[in-house]
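So that the names make sense, note that chain A is the first sequence line, chain B the second, and so on, each numbered from 1.
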Amino acid sequence: MTAAPAVDLRPAAPRGQHPGNLASQPSRSTRKRWFDGWGLLMLPLALFLLLVFVAPLALVLARSFTDPVTGLDNYRDFVSSSLYVDVLANTFRISGVVTLLTLVLGFPYAYLMTLATPFWRGVMLIVVLVPFWTSLLVRTFAWVLMLGDTGVVNQTLLGLGVVEEPIAMIRNSTGVIIGMVQVMLPYAVLPLFATMRSIDRRLLQAGEGLGARPMTAFWRIYAPLTLPGVAASCLLVFISSIGFYVTPALLGGPKDVMIGELIVQQLSGVLRWGFASALAVALLVVTAALLLLVARIVNVGKFMAGDR
Amino acid sequence: MQSQLSRDAGTSIDIRNVVKRYKGQTAVDDVTLSVEAGEFLTLLGASGSGKSTLLNIVAGFITADAGRIEVGGRDLTTVPPHRRDLGMVFQHYALFPHMTVWQNVAFPLKRRRVAKAQIASRVRQALEVVELGHLAERRPAQLSGGQQQRVALARAIVFEPQALLMDEPLGALDKRLREQLQLEIKRLHHELGTTFVFVTHDQEEALAMSDRIALLRDGRVVQIGSPQDLYDRPASRYAAEFLGESNLFTGRCDGRTFVDERSGAAFTVAAGGNGVELRNGSALVVRPEHVMLAADDAPLPADHNTLDGLIRDVTYLGSGLRVEVALPDGRHLVTRTGTRSGLRPQPGLPVVAHWHAEHAVVVADDTGAAVSATVSETASTVAA
Ligand SMILES: Nc1ncnc2c1ncn2[C@@H]1O[C@H](COP(=O)(O)OP(=O)(O)OP(=O)(O)O)[C@@H](O)[C@H]1O
Ligand SMILES: [Mg+2]
């Protein structure tokens, strides 16, 4: 993350101040020395992360180049087989669709939460959080029962005569996406709600007073102010989606294998630890590259370091 | 002065029998009020008197339960805010944090689909008027409070609205800045000629800025008139106490004689308390600057009312002195004098407080129990 952006979009440092100018210049030099006495408090966490995160990662990295023989063999295998590359592409495709859908569903939901009375806001929050209280496995099996050919949905549709034969909703990407969206929804709603709650709704009123129709005021004023939340929820959902294993395994078909499944299969199925490590490293590298690209486009820093 | 924003005669605003009730209370209680074209009218009142509610009804942000709003003769009662063409300035500025100063000011023009080149020149002019041209590229968070409020002003005038509505626009600023912006707003009003409706709970601000003041109390207009009208001829004890400092005596008025119920003293007053026949339950108002002090034995004009007392406290105000005179019955009287008046006031000095009959106004005593009248109980050492 050291490469300097080709074009620096951040606001330029303030130029000459006018005499008598009372503007309080927000200090840009908030970068304190990161290591002072308080820094010691970080030590336990830093050690913990070193032990359970950095060290295993280093092992995986090393293994991908040395198991079974030293060299780039594992990576060559990965790149030369279109099957494996397809799995990686499929992983990103499904994660992308899931991210988009959770945003489309989560945005209005979070918005409604900000409008609701405290009671209904509480109810809506609990509804969103319910998935956290049940096991992923149980929920995924529930989807099998719901969406299968003899599942509740198809039985109902058949019974009503809406369809002639059952719609295939599991063992394909539809099933995977439905299952994953449900799991990921809280991760989209919570950051969106947190951001929206901090937006001053009186700005919308001000906008209307200045001649904006209510819809225009929403898109020109409210929506841009939700962008930090949108960015946060998309990143969270996308990155979590990439590593999914249980849901695609149970709800997906042979063509919907995601990279998590492939890695498990290599590890515990055919015991190619070196190759599994290479897959993991490839996933990590491609994800990081994608994120950097996105960060460059939407300039996440502008929101994160934001002036408000 | 350099402003090229067009100057027009402004637009009149008619508020007719407007009522707004909230659960348990009436925020605006049958208000009828006409703002003349080009006028600077201030809605003045204590907290909770319904000023903001009334202004927001005019702006269209709140729907009245009854009554009508007309602007320039056009009935706007059911017109949504974005089509009312009124500029609004809020106490909390309401600048759009994600836009630069320039974009904020351009916002109302863009909504009106003004041509690009024209937007540029009008935004520049509006920012010049508020003297912020050099900060156009800043974000609101990078501005001081006073600068933010000036941006809000520029944004409200840039589209040349029919009238400008301001809800305590200076409430969040410190005193110095507030006084400076008061002058700027007055200048703006003078330059633009637009109708201004200004809300404040600060009586000094209202007196300093307005062509007319409408005094609100519990959702009703209790008096409307020029600052001088309200100050010199308050319609009620409430109005007298709300605007400026006053000495108040309660009692009965009979023709040109007012009898103070506390001391039994009789004062001569100018004819007719506001033309109303006031007998019981009236109050006599004397402004501190009309009360003069004389030495115990000095000769006084015949048509002056007098009260004996002891000086209790002297405060140096820079431009003059504020003197409190303790009366024998335990109350005290406030006077303001120049620093160079004949008498040199000192605590403990016996004096005669006196005022011309013309300077005493009899009003209806419309406040409930004896609240904070200036002629008030003091733990006086001068008791008879
Ligand atoms: N949305 C509301 N719901 C219930 N009561 C309200 C509402 N808005 C205002 N009120 C009440 O109506 C009365 C008038 O309120 P308003 O905001 O107009 O007062 P104000 O004169 O602007 O006071 P301030 O100087 O404090 O701003 C107050 O008593 C207030 O409690
Ligand atoms: Mg108010």
Side-chain angles (χ1 to χ4, degrees), chain A residues 9-30 117 195-196 198-231 298-308, chain B residues 56 58-62 80-100 103-114 131-135 137-148 152 155-156 158-159 161 164-165 167 173-174 176-177 180:
Chain A
L9 296 174
R10 283 165 300 182
R15 263 151 283 170
Q17 288 238 20
H18 287 249
N21 179 350
L22 296 173
S24 60
Q25 200 58 54
S27 160
R28 298 257 161 207
S29 61
T30 40
T117 60
T195 305
M196 288 176 176
S198 70
I199 299 176
D200 186 353
R201 290 195 59 83
R202 295 176 301 185
L203 292 176
L204 287 174
Q205 208 172 53
E208 286 175 39
L210 293 166
R213 274 177 287 128
M215 260 298 152
T216 315
F218 184 85
W219 287 112
R220 296 281 168 162
I221 300 164
Y222 197 88
L225 291 173
T226 63
L227 281 181
V230 170
V298 300
N299 196 352
V300 177
K302 197 171 85 184
F303 301 122
M304 300 309 176
D307 334 67
R308 208 176 271 201
Chain B
N56 280 298
V58 174
F61 298 135
I62 294 178
H82 68 275
R83 287 202 273 115
R84 290 198 179 193
D85 201 33
L86 300 168
M88 180 97 179
V89 180
F90 302 89
Q91 177 174 3
H92 54 92
Y93 315 136
L95 297 179
F96 307 133
H98 58 299
M99 298 184 191
T100 61
Q103 289 165 335
N104 264 283
V105 178
F107 185 87
L109 298 177
K110 286 195 179 143
R111 303 285 77 77
R112 286 167 174 77
R113 312 212 182 287
V114 175
E131 288 158 8
L132 281 184
H134 57 292
L135 299 180
E137 294 310 317
R138 292 254 187 108
R139 296 279 172 104
Q142 299 169 307
L143 300 177
S144 71
Q147 288 168 335
Q148 290 186 41
R155 191 178 64 174
V158 72
F159 61 102
L164 208 58
L165 312 178
D167 191 354
L173 305 176
D174 66 54
R176 285 262 304 272
L177 207 51
Q180 185 191 339

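Among all heavy-atom pairs drawn from B:Phe61 and A:Gly209, the shortest one is CZ-CA, 3.8 Å. Residue A:Asp200 comes nearest to B:His92 through the heavy atom pair OD2-ND1, 4.2 Å, listed as atom of the first residue, atom of the second, then distance. Nearest heavy atoms, A:Gly211 versus B:Arg112: CA-NH1, 3.9 Å. Among all heavy-atom pairs drawn from B:Phe159 and A:Leu210, the shortest one is CE2-CD2, 3.7 Å.
Within 6.0 Å of CZ in A:Arg201 there are more than 12 heavy atoms belonging to other residues, nucleotides or ligands.
Residues B:Pro97 and A:Leu203 are in side-chain contact: their nearest non-hydrogen atoms beyond the backbone lie under 4.5 Å apart.
How far CZ of B:Phe107 is from CZ of A:Arg220: 7.5 Å, rounded to the nearest 0.5 Å. Atoms NZ and OG1, on B:Lys110 and A:Thr216 in that order, are 13.5 Å from each other to the nearest 0.5 Å.
Judged by distance alone, with hydrogens and angles left aside, the side-chain atoms of B:His82 form no donor-acceptor pair with the main-chain N or O of A:Gly207 at under 3.5 Å.
B:Ala59 does not touch chain A: none of its heavy atoms, backbone or side chain, sits under 4.5 Å away.
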